[in-house]
Amino acid sequence: MNISNSSFRANSPTVDQVGVVERAKRFQTRSIKKAAKMAGLKMVLNMIDLTTLEGMDTEGKVKQLCYKARHLHDAVPDLPTVAAVCVYPPFVGLAKSEVADSGIKVASVATAFPSGNSSLEIKLDDVKMAVDQGADEIDMVISRGRFHKGDYGFVHDEIASVKEACGAARLKVILETGELGTLDKVRLASDIAILAGADFIKTSTGKIKPAATLPVTLVMLEAIRDHYFNTGVMVGMKPAGGISKAKLALHYLIMVKETLGEQWLTNQWFRFGASSLANDVLMQIVKQQTGAYQSADYFSLD
Amino acid sequence: MAKTNGAAKNGRIEVHKTYKVFIGGKFPRTESGRYYSPQPAGQSLGNICLCSRKDVRNSVVAARAAQSSWAARTAYNRGQILYRIAEMMEGRSEQFVAELQTQGMTAAAAKKEVVQSIDRMIYYAGWCDKYQQIFSAVNPVASSHFNFSVLEPTGVVFVVANEESPLLGLASLIAPIIAGGNSCVVLASESKPLSAITLSEVLATSDVPGGVVNILTGLKSELHEHFSSHMDVNAIAFDCNDQKMLVAVREFAVENVKRVKHYSQDWTDDESQNPYLIQDFCEIKTTWHPIEQISASGSGY
Amino acid sequence: MNESTATWELEPAPESTAHVQLEKSYGNFINGKFVESAGGSKFSSTNPANDKVIAEITESTEADVDKAVKAARAAYDKTWSKMEAKKRGKYIYRIARLLQERAREFSVIETMDGGKPIRESRDVDIPLAAGHFFYYAGWADKLSYAFPNRNPKSLGVAGQVIPWNFPLLMAAWKIAPALATGNTVVLKPAETTSLTALKLAEVIQQAELPPGVVNIVTGHGEVGAAIVNHKNIDKVAFTGSTNVGKIIQKAISGTKKRCTLELGGKAANIIFEDATIDQAVEGIINGIYFNQGHVCCAGSRLFVQESVHDEVIRKLKHRMKSLIVGDPLDKNTDIGAINSKEQLKTINKYIEIGKQEGADFYQPECSVPSKGNWCPPTLFTNVAQSNRIAQEEIFGPVLAVQTFRTVSEVIKKANNTPYGLSAGVWTDKGSKIFNMTSQMRAGVIWANTYNKFDPASPFGGYKESGFGREGGLHGLAAYLDV
C-alpha cells in the first residue's frame with residue numbers, strides 16, 4: 001500500500017476533547033443493578049487478560065498467574081475463566097502448557113515492548129519467538145517516535161509486517177495513548193492500526209500514565225465503529241492499565257454496548273488488560289450473592 | 001504551649017495546645033526548631049514557631065504546586081469554598097474572640113474584628129464568579145478579529161499580614177488573593193499570631209486544597225529578604241508601615257520583577273473591601289482570533 | 001465466533017421516593033405563611049408518568065393575588081428595600097445552601113411532578129437552581145460595580161409567571177435576581193408543576209426571610225393574568241409562549257410597569273462538514289432530546305452540510321437507539337414523560353403534520369409504559385424551510401433536518417424565522433465560529449456544544465423570542481432602575 005503521510009491525516013476525523021469527556025461521563029451515570037450487574041461482572045471476568053509484565057518475572061510467577069487464571073475463586077461455582085494470560089515471549093511455552101485445555105488464550109507482548117525502539121528485524125524475531133511457542137495473540141506496540149514525526153506510512157507498514165508475522169495469532173496493536181498527547185492523534189493512530197490489519201486496538205502498555213481512560217477508549221471505539229460502518233468488518237478493543245475497579249469496568253461495558261452494539265460484548269471483541277481488576281470483580285460477585293461487603297484478605301493474590 | 005488562666009481549674013489539669021505552622025495543608029513545626037514568645041498583653045502567648053528561610057522555601061514550593069489546579073477550578077467552586085471558610089469561621093467565632101482578647105483586644109473590638117472577618121470572606125466569596133465580568137472586555141479592534149481580555153492570577157503571592165489587626169487584616173488580603181486564583185504564603189502578625197494559627201485550622205477544614213494558603217509565624221526582620229528575593233514568588237502584599245523594610249523589599253523584588261503592593265488602609269472600614277484588590281494580583285491576557293468574513297449575502301471569502 | 005449473543009439489558013434502577021415530604025394539599029404562600037384561598041378551589045397535580053395524583057393545589061382568585069401583592073408591597077416598603085444590601089445577600093445565600101442540602105428531595109419531586117428524567121433534575125435543574133441563588137446572593141452588595149457611575153435602585157414588587165419545563169430552575173432564575181436587587185416577589189408557577197415552587201416556599205421559611213418578601217400563588221393562566229394586571233405590580237417577568245408574551249406586552253402597554261419576556265424559539269443547530277461529527281451528533285441529541293424537547297432553546301431545526309448528511313444521519317439514528325425512554329425516576333432514563341396530555345396532543349399533531357408534509361419520519365424502536373404520556377425521540381429528514389415542522393415551535397422531542405451547501409445559505413435559512421433565542425454551530429474552524437456568532441440573530445450561540453446554562457451567563461432572545469436577559473451581570477438590569 002502506498003499512502004502519503006498527509007493523506008493518513010486527511011482521512012482521519014478530528015475529535016473535540018471537551019465533547020468526548022462529556023460523553024464519557026454520561027456513561028458513568030448509568031446504574032447497573034441486580035441481574036444485569038451479575039451478568040456484567042461475569043462478562044468482565046471473562047474479558048480479562050490477566051497480565052504479568054515485570055522485569056522480574058520468573059517461571060514461578062507465570063505458573064501462579066496461570067493457576068489463578070484457571071481458578072479465579074473456587075469458592076464460587078460456575079465462574080467463567082479469564083480470557084487470556086498475557087506474558088513476555090520467553091514465558092509463552094510455559095504459559096501454554098499451564099493453561100492447557102482450559103480454553104484460556106495465551107497472549108504475548110512483542111516488538112520490543114514497551115518502548116518499541118528497535119529494528120523491524122528484531123521486532124519480527126520477537127513476534128516469531130512468541131508465535132513459535134504457540135502464542136494465540138500478539139500485543140505489539142507502535143513506533144510512537146515515528147508517529148510523532150509524521151511517518152504514518154512507516155507506522156502503518158510496520159504494523160502490517162507484524163500482522164503478517166503473526167500468522168494465525170490475533171494481533172493487538174498498542175497505541176500507548178499516554179504518549180500521543182491529543183485525542184486527535186489517538187484517533188489517527190487508531191485508524192492507521194485498523195487499516196494496517198489490527199485485530200484489536202489497545203490503549204496502553206501499562207508502563208505509561210495515563211493508561212486507559214473512558215474518553216480515550218471512546219475515541220478508539222468510534223474509530224472501530226466507523227470502520228464497521230464503512231466495511232462491515234469488526235475490530236476488537238482492549239483498554240489496558242488503570243482499570244482496577246469492577247464499577248468502572250461495568251461502565252466500560254456500557255460504553256461498548258452503546259457505541260458499538262451488543263455483538264462486541266464478548267471476549268472475542270473486547271478485553272480488559274488488567275491485573276488487579278479480577279479480584280475486585282470477584283469481591284463484587286460475592287457481595288451480590290451474600291449481601292455482605294467483602295475484604296481483600298479472602299481473595300487470593302497471584 | 002498555650003497558656004490559659006492558671007494551671008488548674010476545678011482541679012482539672014488543662015491540656016495546652018502546641019502551636020504549629022501551616023504548610024501544604026499539613027501542620028509541621030518550624031524546621032529550624034526555634035521559637036519565640038510574644039507578649040502582646042504582658043503575658044506570654046506560649047512558644048510560637050520562629051520560622052526560618054527554609055520554612056519560607058518549603059511554603060513557596062507548596063504554594064507553587066497548589067496554584068495551577070486551584071486556578072483551574074471553576075470560579076463557582078472557588079466561591080463555594082470561600083463561603084465554606086466563612087461558615088467554619090462562624091463556628092469558631094468564640095475561640096477567635098477569646099484569642100483576640102488574650103492578645104490584648106477589648107471584648108467589643110474583638111467581637112467586631114471576628115464578625116467583620118467572616119463577612120469579608122463572604123464578600124469575596126461572592127466576587128469569585130463576578131470579577132471577570134467587571135474587569136474583562138471584548139475589545140473593538142479595527143480588523144476582522146475577535147479580541148478579548150481576561151484576568152488571570154499572577155501566581156504565588158507572599159503576604160505580610162497586618163500587625164495590629166491579626167484576623168481581619170489577614171482575611172482582608174487572603175480572601176481577594178485566593179478568590180483570584182492565586183496561592184499564597186502568609187507571614188502572620190508577629191506580636192499577635194494566635195488568630196492566624198486558628199485561621200489555618202479553619203482553612204484546613206474548609207475544603208481549601210492544601211498549599212493554596214500557607215501560614216508562617218516569625219519575624220519580618222529575619223524573613224523579608226528571603227521572601228522578597230525568592231525567584232518563585234510572583235507578588236508581595238505588604239501590609240506593614242516599616243518604610244525602611246518596604247524599600248528593601250521593593251529592591252529585592254526587582255530581580256524577578258515581583259509586583260509589590262503596599263497596603264496601609266483601615267480594614268475595619270467597609271470601603272477597604274473591593275474587587276480592585278483581586279485585580280491587584282491578576283495579569284491581563286488578551287487573545288486575538290480571526291473572524292471569517294462570509295455574510296448571508298455571500299460576499300467575499 | 002460469538003460465544004454469547006444474549007442481550008445485556010439494564011435492570012430498573014428507580015430513585016427512592018421515601019425521603020420526600022409532601023402535603024396532601026397546598027394553599028398559597030403569602031406573607032411568610034401557607035394560607036388557604038378565600039373562595040378559590042383546588043385542582044390535582046398529577047404525575048405525568050403514571051397519571052397518579054400527587055397533591056392538591058390551589059386555584060387562586062383575584063383576591064388571593066391582591067393579598068399577595070399587598071404582602072409583597074408591605075415587605076418592600078417596610079423591610080426589604082431598606083435592609084442593608086449585605087444582609088439581603090446573606091438571606092439569599094441561606095436559600096442556596098438549604099437547596100443544596102435538600103437537593104435530592106427536590107430532584108425527586110421535580111421528576112414526579114413534571115416527568116423529567118431524574119438524571120436531569122438531579123444533575124441539572126436542582127444544582128443550577130441552587131447555583132443561581134448562590135450567584136445572585138453575591139451581587140446584593142456589589143450592584144454599584146455592575147453599573148458604573150449610576151446609583152441603581154430597586155423597582156418594587158415583581159410579578160413573575162413561569163413555565164412548566166424547568167419549574168424550580170425558572171423560579172430561581174426569577175426570584176434570585178429580584179431579591180438580590182432589593183425587590184419583593186409574587187410568583188406563579190405553572191399549573192402542572194407547582195410543587196417545587198411550594199417546597200421552595202418552605203425553604204424560604206427555613207431561611208427566615210422576612211414575611212412577604214416572596215409570595216407564591218398557584219393556579220392557571222387567569223391567576224397569571226391577575227398578577228400581570230395588578231395595579232401595584234412594578235415589574236413583570238414572564239417565561240412562556242410567544243402568544244401569551246404578546247398578550248402580556250399589550251396588557252401592560254398603558255402602564256409604567258417594567259417587563260422582561262423570555263418566549264419561544266426554533267433554534268438552528270448547524271453542522272458543518274469540518275465538524276467533529278461524533279461530538280456534533282451528541283450535541284444534536286442534547287440539543288433536541290434534553291428534557292423531552294420541552295426547552296425553549298431546543299435545537300429543533302438541524303442544518304447539516306450536504307457532504308456529511310448521510311454520515312450524520314446514520315450516526316444520529318444509531319445514537320437515538322441507545323436512548324432509554326421510560327420511568328422518569330429510573331436513573332437510566334434519558335427521555336422521561338411528556339409533561340401533560342395536552343402537550344402530548346400538540347406534539348402528536350405536529351408529527352402528523354410532518355408526515356403529511358412528506359418528510360421522512362424515524363423513531364427508534366422502544367417500549368414505553370402503558371400509562372402516562374410518552375413520545376419516543378423523533379426525527380424528520382428531507383425537511384424544507386417551508387414545512388410547518390421547520391417553522392413552528394413543537395416543544396417536544398421532534399427534530400426537523402434540513403441540508404445546506406454554503407455558509408451564506410445556512411446563515412440566511414437559520415435567521416429566516418420570527419424567533420431568535422439560540423443557535424448551535426459545529427465546526428472545527430475557529431474563524432467560522434466567530435463569523436457564525438456574529439451573523440446569527442439569536443441571544444445565545446453555542447459553538448461545539450449545546451444547551452449549556454450557567455448562573456453567570458446571560459440568557460434571553462432576539463425578535464419574538466422576547467427581550468431582557470436572565471443570568472449573569474446582565475440579568476441584574478431587569479430588576480433595577482439604573
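Numbered from 1 within each chain, the chains take letters A, B, ... in sequence-line order. These values consider heavy atoms only, across backbone and side chains, with no hydrogens, waters or symmetry-generated copies.
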Quiz item: According to the interplanar angle, ranging from 0 to 90°, do the rings of B/His289 and C/Phe434 count as parallel (below 30°), tilted (30 to 60°) or perpendicular (above 60°)?
Solution: tilted
Can you tell me which of [options] forms the most heavy-atom pairs within a distance under 4.5 Å of chain B?
{"options": "C/Val410, C/Ile411, C/Thr406", "value": "C/Ile411"}
{"options": "C/Lys412, C/Lys142, C/Lys432", "value": "C/Lys142"}
{"options": "C/Gly138, C/Gly89, C/Ala96", "value": "C/Gly138"}

Check whether [X] gets within reach of chain C through its side chain, its backbone, both or neither, counting any heavy atom under 4.5 Å.
{"X": "B/Gln80", "answer": "both"}
{"X": "B/Asp270", "answer": "side chain"}
{"X": "B/Tyr276", "answer": "side chain"}

Quiz item: With a 4.5 angstrom heavy-atom cut-off, which part of C/Lys413 approaches chain B: side chain, backbone, both or neither?
Solution: neither
Practice problem: Give, as side chain, backbone, both or neither, the part of C/Ala456 having an atom under 4.5 angstrom from any heavy atom of chain B. | Solution: both
To the nearest 0.5 Å, what is the distance between [atom1] ([X]) and [atom2] ([Y])?
{"X": "C/Thr437", "Y": "B/Phe146", "atom1": "OG1", "atom2": "CZ", "value": "7.0 Å"}
{"X": "C/Leu473", "Y": "B/Asp129", "atom1": "CG", "atom2": "CG", "value": "11.5 Å"}
{"X": "C/Asn435", "Y": "B/Ser295", "atom1": "CG", "atom2": "OG", "value": "8.0 Å"}

Exercise. Could you walk me through whether C/Phe134 and B/Tyr83 pass ring pair (Phe, Tyr, Trp, His ring centres under 6.0 Å), step by step?
Key: CA-CA 10 Å; C/Phe134 200 88; B/Tyr83 190 83; 5.5 Å; yes
Exercise. Could you walk me through whether C/Met436 and B/Glu292 pass the side-chain contact (heavy atoms from CB on, under 4.5 Å) test, one step at a time?
Key: CA-CA 8 Å; C/Met436 295 303 291; B/Glu292 176 186 273; 5.8 Å; no
Practice problem: Taking all heavy atoms of C/Lys90 and all of B/Asp119, pick out the closest pair and write down the distance. | Solution: NZ-OD1, 2.7 Å
Self-check item: Shortest non-hydrogen contact from B/Ile294 toward C/Ser408
Solution: CG2-OG, 3.6 Å
So for atom [atom1], which belongs to [X], do other residues, nucleotides or ligands contribute more than 12 heavy atoms lying within a distance under 6.0 Å?
{"X": "C/Arg94", "atom1": "CZ", "value": "yes"}
{"X": "B/Lys111", "atom1": "NZ", "value": "no"}
{"X": "C/His474", "atom1": "NE2", "value": "no"}

Quiz item: Side-chain contact, heavy-atom cut-off 4.5 Å: C/Arg97 with B/Arg84?
Solution: yes
Quiz item: Cation-pi between B/Lys130 and C/Tyr145: NZ/CZ under 6.0 Å from ring centre and within 45° of the ring axis?
Solution: no
Quiz item: So which of B/Pro275, B/Gly126, B/Ala125, B/Gly79 has the biggest tally of heavy-atom pairs under 4.5 Å with chain C?
Solution: B/Pro275
